[in-house]
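The structure appears below as structure tokens.
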Amino acid sequence: MRIMLTVAYDGTGYHGWQVQAHEGATIEGVLNRALSELTGEEISVIGASRTDAGVHAKGNLCVFDTSSTIPPDRFTPALNSVLPDDIRIIGSRQVADDLHPRHTDSRKTYCYRLYHADICPPMERLYRHHIYGPVDIQAMTAAAPYFAGEHDFAAFCAAGSQAETTVRTVYDVHIEEKDPYIDIYVTGAGFLYNMVRIIAGTLLEAGRGRIRPEDIPGIIRSGDRARSGPTLPACGLCLEKIELDGQPL
């Protein structure tokens, strides 16, 4: 049977989701070991989103195949009893044997979190990017909708991407602010390497008056990475949820 897990994690101590040949601990690697020990089988999970080093998640998804007699919903407590405290299974369920989370239409929502104040409290430093100085939230809000739609996002892709195409569909970008917190939400069908962090960096540049909101369409059309904003640090990024075929899982 094929089991789907909803996984939450603090990515601070991990080299991202995907197992790397010569890197340190990864979320995928920890899950594979825990499942293999639990079932007595050689398990390799398939993740819906390969989050980068230091990126967090509230609702990443993965599937795996097993012949175990453990009931699907009991994988949640069983795994949580053996996983480290910075990885938690939120839910487990049986799905169709042919369901592949990366080959299914999906909507992924990320949030990039900023802490806007002169001093950042220590408890915020691992989950928000600290910024200070004047920031025009209205300018950021005005710039955000320009990202929606199907575009070639080459200007918002970091070097090293192995994507076959840089065309992506973004459904929504919006800002939520409650001083000193600024949250940038980005929902799309899929994203390029560091794309959300570059969108967030570009919106921050608009808030600092270095990019005009109406410049965003031209930056997108240019395909020029040098014209968009900086890649903000991984600590502020969190994968909030993934909806497969319009259904949150």
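Starting from 1, each residue takes its place in the sequence as its number. What you are looking at is a predicted structure, and each value in this text was computed from that prediction instead of being measured.
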Arg107 charged N/C atom sitting above Tyr171 aromatic ring, 6.0 Å / 45°: yes
State, yes or no, whether a side-chain contact exists between [X] and [Y] at a heavy-atom distance under 4.5 Å.
X: Arg93; Y: Ile3; value: no
X: Thr165; Y: Arg168; value: yes
X: Cys235; Y: Thr12; value: no
X: Glu28; Y: Val30; value: no
X: Ile175; Y: Tyr185; value: no
X: Asp152; Y: Arg221; value: no
X: Leu31; Y: Ile89; value: yes
X: Phe156; Y: Ile220; value: yes

ILVMFWY cluster, [X] and [Y] together (side-chain gap under 4.5 Å):
X: Leu237; Y: Ile27; answer: no
X: Phe75; Y: Val95; answer: no
X: Val45; Y: Leu83; answer: yes

Let me confirm one number: the [atom1]-[atom2] distance from [X] to [Y], rounded to the nearest 0.5 Å.
X: Leu38; Y: Leu79; atom1: CG; atom2: CG; value: 5.5 Å
X: Thr26; Y: Asn32; atom1: OG1; atom2: CG; value: 7.5 Å
X: Glu177; Y: Met140; atom1: CD; atom2: CE; value: 9.0 Å
X: His129; Y: Arg197; atom1: NE2; atom2: CZ; value: 10.5 Å
X: Leu203; Y: Ile198; atom1: CG; atom2: CD1; value: 12.0 Å
X: Leu239; Y: Thr51; atom1: CG; atom2: OG1; value: 7.0 Å

Go through the steps to decide whether Ser106 and Leu244 satisfy the test side chain to side chain contact (heavy atoms under 4.5 Å, CB included), and finish with yes or no. CA-CA 4 Å; Ser106 68; Leu244 298 183; 3.6 Å; yes
Less than 3.5 Å apart, any donor N or O on the side chain of [X] or [Y] sitting next to an acceptor on the other?
X: Ser228; Y: Thr202; result: no
X: Ser68; Y: Thr39; result: no
X: Asp73; Y: Ser92; result: no
X: His100; Y: Asp98; result: no

With a 3.5 Å distance limit and no angle check, can you tell me whether [X] reaches the backbone of [Y] through a side-chain donor-acceptor pair?
X: Asn80; Y: Thr76; result: yes
X: Gln20; Y: Gln18; result: yes
X: Ser36; Y: Glu41; result: yes
X: Thr141; Y: Ile137; result: yes
X: Asn60; Y: Ala57; result: no
X: Ser161; Y: Ala158; result: no
X: His116; Y: Asp179; result: no
X: Arg227; Y: Gly223; result: no
X: Arg128; Y: Leu114; result: yes

Would you check, one step at a time, whether the test side chain to side chain contact (heavy atoms under 4.5 Å, CB included) holds for Met4 with Ile46? CA-CA 9 Å; Met4 175 172 282; Ile46 303 171; over 6 Å; no
My understanding is that only residues two or more places apart in sequence, or in another chain, count here; which of them pass salt bridge (charged side-chain N to carboxylate O under 4.0 Å, His left out) with Asp52? none
Residue of the set Tyr110, Phe147, Phe153, Tyr112 for which ring-ring contact (aromatic ring centres under 6.0 Å, His included) holds with Phe191: Tyr110
Can you list the steps and then say if Arg50 with Arg102 is a side chain to side chain contact (heavy atoms under 4.5 Å, CB included)? CA-CA 10 Å; Arg50 298 168 177 172; Arg102 291 200 300 275; 2.6 Å; yes
Would you list the pairs meeting ring pair (Phe, Tyr, Trp, His ring centres under 6.0 Å) in which at least one residue belongs to residues 35-61, sequence neighbours left out? His56-Tyr127
With a 6.0 Å cut-off (strictly less than), is the heavy-atom count around CD of Glu176, excluding the residue itself, greater than 12? yes
With the threshold set at 4.0 Å, does a side-chain nitrogen-carboxylate oxygen contact exist between Asp10 and Lys58? no
Any carboxylate oxygen within less than 4.0 angstrom of a Lys/Arg side-chain nitrogen, looking at Asp97 and Arg2? no
Between Val7 and Leu61, is the side chain to side chain contact (heavy atoms under 4.5 Å, CB included) condition met? List the steps. CA-CA 6 Å; Val7 190; Leu61 301 176; over 6 Å; no
Could you label the plane-to-plane angle of the Tyr115 and Tyr181 rings as parallel, tilted or perpendicular, counting under 30° as parallel and over 60° as perpendicular? perpendicular
